[in-house]
Amino acid sequence: MKSDISNASFDPGSIETGLYTEWEQSDYFAPRGNGAGYCILIPPPNVTGTLHMGHAFNQTLMDTLIRYQRMKGKHTLWQMGTDHAGIATQMLVERQLQQEGVSRHDLGREVFTDRVWRWREESGGVISSQIRRMGSSLDWSRDRFTMDEGYAEAVLTVFERLFDENLIYRGQRLVNWDPELRTAISDLEVENSEEQGHMWHFHYPLNDGLTTQDGASYLTVATTRPETMLGDTAVAVHPDDERYQHLVGGSVTLPLADRAIPVIADEYVDREFGTGCVKITPAHDFNDYEVGQRHNLPLINIFEPDATLNENVPGKYTGLSREDARKAVVDDLEADGCLGETKPHKLMVPRGDRSDAIIEPLLTDQWFVRIKPLAEPAIEAVEKGDIEFVPKQYENVYFSWMRDIQDWCISRQQWWGHQIPAWYDGDGNIYVAADEDRVREKYGLDESTELVRDPDVLETWFSSALWPFATLGWPEETPELDKFLPSDTLITGHDIIFFWVARMIMMTLHFTGKIPFRTVYIHGLVRDAEGQKMSKTKGNGLDPLDFIDGISLDDLVAKRTTNLTQPQMAPRIEKATRKDFPEGIPAYGTDAVRFTFCALATTGRDVKFDLNRVEGNRNFCNKLWNATKFVLTNTENVDLTGVPAPSLVDRWIISKTHQLIKDVEFALATYRFDIFAQKIYEFAWHEYCDWYLEFTKPILWDESVDSAQKNEIQRTLLTVLEALLRVAHPVMPFITEVLWSSVSERLGISAETIMLQEFPDAREFAHDPEAEAPIEWLKGVISAIRNIRGEADIKPSQTIPLLLQAGETGDRDRAREMESMLARLANVENIQWLDDNEDPPPNALSMVGNLKVMVPLAGLIDVDAELARLTKEIDKLNADLERISKKLSNENFVQKAPADVVDKERQKALDLEARSQALTEQRDKVAAL
RNA sequence: GGGUGUUUAGCUCAGUUGGGAGAGCGACGGCCUUACAAGCCGUAGGUCGCAGGUUCGACCCCUGCAACACCCACCA
């Protein structure tokens, strides 16, 4: 992309828009070249979703690695794909229908799913365009959807094989039931939260004249779920509990229901807790279910799928909601004199992660994956180190879950998703194959057998689990499977380790015999600046696109307050928004946002997202822009022929470039995206711009300097900048592309894009300690003068004379050599060397090593201010000196510490002492004035 | 109840095998110096959560405690 940057100021929107389309149309994102394969799996976003902070963070890291590896010459694939997101998508469309006043049942299954497909067509483009706006270099040509034809084939094949291997079964089990969505969900989809409730004590009258030890004619049970008592089928006590042993085998009458239920003994009961008597409701509690199994208790299901009470309870309760039934039961028990004490009680309430409805354990027929046999090899793969987690401690999280894994409920009573490929005949026999024809063929059934297909669908994560191989053409044997499986790095948040990562490992190992990926990089979750989870309900969410492209305050308020699940929050959200963003949010651009995410990606902790960081990094982009502008306007006539003969400052910045490349490569190899960003920032701003560009000015602008010398500087300005842009490209693709096109042209490089250039090689930039030392010395002297200026309040525009004295051998030559830079960067004139025995005029002194840097007072300097500055400096030195002397006078230290450490400390003490002494003498002189 | 992580400058966070406490933002002071005021120069902030231990030496290793965060778990 060609654009004239010499007169323009930095405007992210104008350079970023359009560039992505050019890249994509030029097919730069597709795998290319003969290098080794490198592949990253994208966690497929919901097809009907919109980009959120998690995506932006996640994709920044993935794209940084992908672009880096592509530049390293790898045959790189980052494949695009989206997820059908069963429950989430169905809920969304159902909500739309609700606004139209119809339900999915009014439409019927086929019309409804057609409607979802249509919605997917309409809205699927949103997330794609947002991902493009992030600059993510995904291979769109291989875009997959978890319900496209080939993918569906993979899903059906997996289901059938697992069924045939007896690893999938159908059974009646107590499952987590979401009464609002009216479907089963898996253990992982249940979120437990502590909520305030009550503990009720009920009296169940003993039968046959039995009494307790203290003479009561009833047993007292405690419960947090009064309404479930209507389904009780026993009361349990601990077998060794002396208080109740004599009652075991007897019975009580269940009030309200007026049934006799047995008193049983079971180890499950905790004698210490409550009264030591537990009501047992096998059909509505996971523990009670187990107890019921052990004692052959009947199961009485008292709930309809929507959690209203059914006909298995006394008629007056039938049809009531859980909440109403609870109240009625408590009231009626009280009226009957069966209610004991009631007290507030904190309890864990299970809620559906999608619906937020309270989950009900319910006895239903569901499909399960027998997971243990799949888990074992998956555990082993991580134990052996074939798969590695970064950071390492997540392996323990993985192990602890995998070793205690429970069978996986995969059927959902929904319409949107992969319908389960199982058919039933009139006798309830089960047949599994991809479609009905294949069922008949496989099981030898003719048309006389009537088959009905199971109406349920598979949960979304069942199909996502196949992502590593289903996207590459499995069950066909494709070249892609060969090249890109296993993939290299999986980058994801810790919230989906169980949902997705573990299941991919199990499924991929089982069906391909290969691991799905070598490294799992786990990043933190994105929170707001206060560390709160971002959520629509709280109204503290930020849409990445809003600070990439900017948004007005009114638009932001509108966005945050529409479609709220709790509309009453709107005023509060509006107020907070107007306070936080009085001017709306400016457009910071994608590069700044990506750079920020990288900088925040320290290992293993959540990130608090702060827009101030984005602003700072936008400024960094601006810095790069202007530096390039400077370089371009000062290198117009550069001559690139001949062998480079870099000067000392050139050699210094080249050596720094060498170090930069080594540092960033190490950072990426160890997944330290924060260090990667930090090194680039540090080098570009504080070495290249702050120092090197300033060093070049006196040379470039001095008419007495010969053109050959200028040319070397110009050449280095360009080559270092060109390398820097390539180093930074993985994290800030847009601005580097634009700047690079001009810089590379100046260097005679003809190439269409930076993204297919090689990543810089450290060996092409000489490591040069002999150039670094004098330049660091020069920086020290300049800083010393600036310090005197700052502290003594000498105007920058005031040119001052400079005196130098003492110092190391060679300092004198250095000073002469770099006089022009010293003069310009510190605005000094008449640099004068004094012999060691010469007595300097009254002056302000600063020490650089042993070198005395002096600015004559001569009416320039306030004596009191100078005394204060010296005192401060001396105090600092003396504090250091004291600490070191103490160390050195410790015999143990001198004897036991390594000799080189001791020598170093001794040398340090000598230096400090000399400097302190010089400054102290100086203070006396100034004081005497 | 079990587990993991965090605790360093006003804020957000680095600190690689134990050997002189750092950055960004913010604050303060000074500058329109011909790339950039989205900038430049300078300055000030920290008994590194607490208490012990190991060591010549601890932000770093060990033990205990505290606070916060998150994950897992069936306590009626």
Side-chain angles (χ1 to χ4, degrees), chain A residues 6 9-10 192 199-200 221-225 236 268-270 272-281 285-290 345 347-348 391 393-394 396-397 400-401 404 494-495 497-498 524-525 527 529 531 586 588 592 599-600 602 604-610 612-613 615-634 666 670 672 674-675 678 681-682 686 689-690 693-694 697 701 782-783 786-791 793-797 824-827 869 872 880 883-884 887 890-898 900-902 904-905 908 912:
Chain A
S6 57
S9 56
F10 173 59
N192 294 297
M199 174 86 86
W200 287 272
V221 297
T223 184
T224 55
R225 300 278 324 264
Y268 156 68
V269 179
D270 180 349
E272 310 299 319
F273 191 90
T275 59
C277 297
V278 187
K279 65 189 268 304
I280 301 297
T281 323
D285 182 283
F286 289 99
N287 293 312
D288 293 5
Y289 181 81
E290 299 292 324
H345 181 74
L347 71 162
M348 296 300 272
Q393 70 259 21
Y394 283 107
N396 291 328
V397 177
S400 65
W401 187 68
D404 190 35
H494 54 71
D495 51 335
I497 293 178
F498 306 145
L525 272 27
R527 296 165 180 283
Y588 293 122
L600 291 172
T602 57
R605 61 197 284 167
D606 290 351
V607 303
K608 290 187 196 174
F609 192 85
D610 188 346
N612 289 325
R613 295 291 297 263
E615 184 180 348
N617 291 326
R618 187 272 317 260
N619 295 350
F620 177 58
C621 292
N622 183 54
K623 190 78 180 173
L624 277 181
W625 178 273
N626 285 300
T628 303
K629 219 158 107 175
F630 171 85
V631 172
L632 290 174
T633 54
N634 283 286
F666 183 73
T670 52
R672 290 301 303 266
D674 58 326
I675 294 177
Q678 185 201 322
Y681 188 100
E682 165 71 22
H686 298 305
C689 290
D690 284 353
L693 290 190
E694 297 304 323
K697 286 176 183 175
W701 297 347
I782 292 168
S783 295
R786 286 175 178 171
N787 173 274
I788 292 173
R789 273 184 182 282
E791 295 289 292
D793 211 12
I794 304 171
K795 283 199 169 178
S797 53
R824 184 186 157 86
L825 271 56
N827 195 17
R869 189 184 67 83
K872 198 165 69 181
D880 273 0
R883 189 172 41 78
I884 291 173
K887 216 177 197 181
N890 180 345
E891 271 181 46
N892 281 324
F893 173 72
V894 178
Q895 276 172 18
K896 296 190 182 173
D900 59 317
V901 173
V902 177
K904 214 168 100 187
E905 294 295 313
K908 232 185 305 186
L912 285 170

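Protein chains get the first letters and strands the later ones, always in sequence-line order, with residue 1 at the start of each.
- Comparing the C1' positions of B:C36 and B:C31 gives a spacing of 15 Å, expressed to the nearest Å.
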Secondary-structure notation, RNA chain B, from Watson-Crick and G-U pairs under 3.5 angstrom (| other strand) | (((((((..((((.....[..)))).(((((.......))))).....(((((..]....))))))))))))....

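- Taking atom CZ of A:R672 as the reference point, atom P of B:C13 lies 14 Å away to the nearest angstrom.
- Rounded to whole Å, the C1' atom of B:C62 lies 37 Å from the corresponding atom of B:C25.
- We find that CD1 of A:I782 is positioned 15 Å from C1' of B:G42, with the value rounded to whole Å.
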Under a 4.0 Å heavy-atom criterion, the protein footprint on nucleotides 69-76 of chain B, written with B, S and -, is -S--BBBB

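- Counting to the nearest Å, the P atom of B:A38 and the CG atom of A:N612 are 15 Å from each other.
- The gap from the P atom of B:U43 to that of B:G20 amounts to 23 Å, rounded to the nearest Å.
- A:K697 places none of its side-chain heavy atoms less than 4.5 Å from the side chain of A:L825.
- Taking atom CG of A:N617 as the reference point, atom P of B:G39 lies 12 Å away to the nearest angstrom.
- Taking atom C1' in both B:A58 and B:A51, the straight-line distance is 15 Å, to the nearest Å.
- Straight-line distance from the OH atom of A:Y681 to the P atom of B:A38: 14 Å, rounded to whole Å.
- Judged by distance alone, with hydrogens and angles left aside, the side-chain atoms of A:R672 form no donor-acceptor pair with the main-chain N or O of A:T602 at under 3.5 Å.
- The two residues A:V269 and A:G276 make their nearest non-hydrogen contact at CG1-O, 3.4 Å.
- Comparing the P positions of B:G22 and B:G15 gives a spacing of 15 Å, expressed to the nearest Å.
- At least one side-chain heavy atom of A:F893 sits less than 4.5 Å from a side-chain heavy atom of A:V901.
- Spacing between atom CZ of A:F609 and atom C1' of B:C25 amounts to 14 Å, rounded to whole angstrom units.
- Listed by chain and residue number, A:W401 satisfy the ring pair (Phe, Tyr, Trp, His ring centres under 6.0 Å) test with A:F498 (two or more places apart in sequence, or in another chain).
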Nucleic acid footprint by protein, nucleotides 52-60 of chain B - heavy-atom cut-off 4.0 Å, B for base, S for sugar-phosphate alone | ----B----

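- Residue A:E791 places its side chain closer to B:U43 than to any other of B:G24, B:U43, B:G19.
- For the C1' atoms, the distance from B:A27 to B:G3 is 42 Å, rounded to whole Å.
- Anti is the conformation of B:G29, whose glycosidic angle sits further than 90° from 0.
- The NZ atom of A:K872 sits 7 Å away from the P atom of B:U43 (whole-angstrom rounding).
- Taking atom CD of residue A:Q678 and atom C1' of nucleotide B:C13, one finds them 10 Å apart after rounding to whole Å.
- Distance alone, capped at 3.5 Å, places no donor-acceptor pair between the A:R869 side chain and the A:N787 backbone.
- Of the inter-residue distances, the one linking A:N287 atom CG with A:T281 atom OG1 reads 11.0 Å to the nearest 0.5 angstrom.
- No donor-acceptor distance shorter than 3.5 angstrom exists from the side chain of A:N192 to the backbone of A:M348, with no hydrogens or angles considered.
- For A:F286, the CZ atom sits in a packed shell: over 12 heavy atoms of surrounding residues, nucleotides or ligands are nearer than 6.0 Å.
- Taking the P atoms as reference points, B:C41 lies 15 Å from B:G26, given to the whole Å.
- Judged by distance alone, with hydrogens and angles left aside, the side-chain atoms of A:R613 form no donor-acceptor pair with the main-chain N or O of A:L600 at under 3.5 Å.
- Separating the P atom of B:A14 from that of B:U7 is a span of 7 Å, rounded to the nearest Å.
- Counting heavy atoms of neighbouring residues, nucleotides and ligands inside a 6.0 Å radius, atom NZ of A:K904 does not exceed 12 of them.
- For the pair A:D880 and A:L912, the tightest heavy-atom approach, listed with the atom from each and the gap, is CB-CD1, 3.8 Å.
- Side-chain contact between A:R225 and A:D285 is absent, with no heavy-atom pair separated by less than 4.5 Å.
- Contact record, A:T224 with A:W200: O-CZ3, 3.7 Å, taken as the closest heavy-atom pair.
- At the heavy-atom level, A:R789 lies nowhere under 4.0 Å from the strands shown.
- Of all heavy-atom pairs between A:K623 and A:C689, the closest is CE-CB, 3.7 Å.
- Atom CG of A:D793 and atom CD1 of A:I788 lie 14.0 Å apart (nearest 0.5 Å).
- Residue contacts for A:Y394: at a heavy-atom cut-off of 4.0 Å it reaches no nucleic acid atom on any strand shown.
- Along RNA chain B, the nucleotide nearest A:H686 and the nucleotide nearest A:V607 are compared for position; the residue whose nucleotide lies closer to the 5' end is A:V607.
- Candidate nucleotides B:G42, B:A38, B:A14 were compared by shortest atom distance to the side chain of A:R618, and B:A38 ranks first.
- The cationic atom of A:K629 (NZ for Lys, CZ for Arg) does not lie both less than 6.0 Å from the six-membered ring centre of A:F10 and within 45° of the ring axis.
- Nearest heavy atoms, A:G524 versus A:D606: CA-OD1, 3.4 Å.
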Indicate for each nucleotide in nucleotides 26-36 of chain B, in 5' to 3' sequence, whether protein heavy atoms under 4.0 Å reach the base (B), only the sugar-phosphate (S), or nothing (-).
-> -----S---BB

Under 3.5 Å, which N/O atoms of the protein pair with N/O atoms of nucleotides 7-12 of chain B?
{"residue": "B:U12", "atom": "OP1", "partner": "A:K608", "partner atom": "NZ", "Å": "3.3"}

